[in-house]
Protein chains: 2
Amino acid sequence: MNAATAPKKPSFKQQQMQFRENAILDSVNRLLSQKGFDLMTMDEVAADVGIAKASLYKHFPSKESLAAASMTRLLDHSLAVVNQVPSHLSSKDKLKLVVRWGITLHIQGEMPYLPSTRSSIQQALLGHPPYIERLQDLTTQLGEWILDAQEKGQLSAALPAEVILYSIFARACDPMADFLKMGGAFTDSDIIDLLVHTCFDGLTPLRVD
Amino acid sequence: MNAATAPKKPSFKQQQMQFRENAILDSVNRLLSQKGFDLMTMDEVAADVGIAKASLYKHFPSKESLAAASMTRLLDHSLAVVNQVPSHLSSKDKLKLVVRWGITLHIQGEMPYLPSTRSSIQQALLGHPPYIERLQDLTTQLGEWILDAQEKGQLSAALPAEVILYSIFARACDPMADFLKMGGAFTDSDIIDLLVHTCFDGLTPLRVD
DNA sequence: GTCTATAAACCGATAGAC
DNA sequence: GTCTATCGGTTTATAGAC
């Protein structure tokens with residue numbers, strides 16, 4: 001075993017490839033957000049990146065794998081956000097920050113839009129270990145905050161933790177943001193505040209403590 | 001002007017056509033719910049109804065018009081539900097009943113799934129006067145209940161009525177119902193209750209009056 | 001109106017030269 | 001790896017006989 005044969009650095013070629021793949025995923029992310037998986041075409045992605053379609057297939061073997069890679073990077077981003085949440089906040093406020101971040105991404109057109117009930121793309125996600133792994137990590141971290149917030153009476157203990165978790169996920173792709181944006185009566189900042197509020201406090205008047 | 005030339009009754013042929021078109025829209029409704037607009041094909045619709053694809057185009061000129069007709073019939077159904085809500089209920093409880101009905105339809109696989117941000121299908125809806133008319137009727141009726149509930153302190157007066165309206169619409173296609181159903185830990189009835197609850201009361205503990 | 005057959009366009013994926 | 005060119009399959013929509 002010679003130490004010289006061990007990989008020392010990622011080499012220029014590999015770095016270039018990583019950079020190119022990141023640029024591809026940037027385009028995919030935006031196109032997935034704007035048009036959704038079904039209407040996004042590989043020709044569009046290639047044109048948006050500025051390379052030929054055949055070159056695209058040298059980096060990713062299929063359209064589904066592109067979407068899976070995009071979603072995996074999104075989860076990486078989510079985990080980074082979760083890990084940077086100020087530790088002095090209450091668990092409920094931590095969750096609020098995460099919801100706010102997801103809604104912000106959505107309204108900025110950077111939230112991939114994958115149909116929830118679809119075979120080909122969903123199987124691609126389930127068959128993509130990096131995605132599953134990160135999803136479990138994120139679920140674990142959010143789950144801890146949820147249970148803590150429930151124990152401390154910040155979130156309803158009557159609700160199954162699963163419901164709170166899915167509710168948080170669902171808010172990141174809530175069409176209400178699109179409706180309000182189309183209406184044009186509110187700024188993006190207003191819309192974000194309104195969605196975060198209705199997510200946690202619903203539509204009923206707030207209690208006066 | 002001879003009275004005999006005036007249309008007396010819808011004639012057997014017209015009645016048959018109406019019946020056939022209703023059967024078509026039944027299939028479209030279910031397919032739109034299961035697969036969404038993009039993945040629903042005209043071949044599937046024709047096969048499901050039991051007629052040839054060319055016959056389908058004798059009734060509806062395009063795929064978009066099919067979806068528009070399906071959505072229009074859904075709004076008709078919604079208006080019928082709204083008009084049958086018991087008048088002795090409070091405005092908030094009336095709205096709750098409507099939300100419950102929408103979620104029930106969703107979880108039963110009878111809620112057409114149209115992408116909210118799509119040009120071709122959205123323009124088809126906007127260019128379909130019957131749809132627009134019914135949407136305005138529904139908005140007007142729900143808007144009255146919302147304002148009344150806000151005046152009486154049943155719903156938050158701090159929220160724009162628009163936000164409450166869109167929130168109610170959005171709950172009918174909330175992916176949380178699909179997530180919970182996939183998990184398999186809850187019955188359909190449980191899921192409906194949970195979604196209605198989180199829609200109106202959010203995730204925070206209920207106040208004890 | 002209903003059918004069979006087909007046109008016309010689009011899309012995912014690949015071949016092969018460089 | 002990147003390109004041009006193209007294959008193979010699918011989809012919307014229509015033509016034309018009955």
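Numbered from 1 within each chain, the chains take letters A, B, ... in sequence-line order. The structure presented is a predicted model; accordingly, all values stated were derived computationally and were not measured.
Evaluation of the side-chain hydrogen bond (donor to acceptor under 3.5 Å, both in side chains) test over residues 177-193 of chain A, restricted to residues two or more places apart or in two chains, returns A:R100-A:D193, A:H106-A:D178, A:K181-A:D188, A:T187-A:D190.
Comment: A:R171 engages B:D174 in a salt bridge, judged by a side-chain N to carboxylate O separation of less than 4.0 angstrom.
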For this session: Could you check A:Y113 against A:L32 for side chain to side chain contact (heavy atoms under 4.5 Å, CB included), going step by step and ending with a plain yes or no?
Result: CA-CA 5 Å; A:Y113 178 53; A:L32 277 184; 5.7 Å; no
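To the nearest 0.5 angstrom, B:H59 atom NE2 is 10.5 Å from B:Q18 atom CD.
Listed by residue number, the members of residues 20-30 of chain B with any heavy atom below 4.0 angstrom from DNA chain D form an empty set.
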Problem set entry | Footprint string (nucleotides 4-18 of chain D, 5' to 3'): B base within contact, S backbone only, - free, heavy atoms under 4.0 Å | B------SBBBB---
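Taking atom CD of residue A:Q16 and atom P of nucleotide D:dG1, one finds them 10 Å apart after rounding to whole Å. As rounded to whole Å, 9 Å separates atom P of C:dC3 from atom NE2 of B:H59. In this structure, A:E44 places its CD atom 17 Å from C1' of C:dA13, rounding to the nearest Å. Taking atom CZ of B:F60 as the reference point, atom P of C:dG1 lies 12 Å away to the nearest angstrom.
Counting only distance, with no hydrogens or angles, the side chain of A:R134 and the backbone of A:P130 share a donor-acceptor pair below 3.5 Å. A distance-only check finds a donor-acceptor pair linking the side chain of B:T139 to the backbone of B:L135 [under 3.5 Å]. Between the side chain of B:S33 and the backbone N or O of B:N29, no donor-acceptor pair lies under 3.5 Å. Looking at B:R20, its side chain never comes within 3.5 Å of a backbone N or O of B:Q16 through a donor-acceptor pair.
Taking the C1' atoms of five terminal pairs at each end of the helix from C:dG1-D:dC18 to C:dC18-D:dG1, the two resulting helix axes are inclined by 20°, rounded to 10°.
Shown here are the salt bridge (charged side-chain N to carboxylate O under 4.0 Å, His left out) partners of A:E44, two or more places apart in sequence or in another chain: A:K35. For B:Y57, there are no ring-ring contact (aromatic ring centres under 6.0 Å, His included) partners, not counting sequence neighbours.
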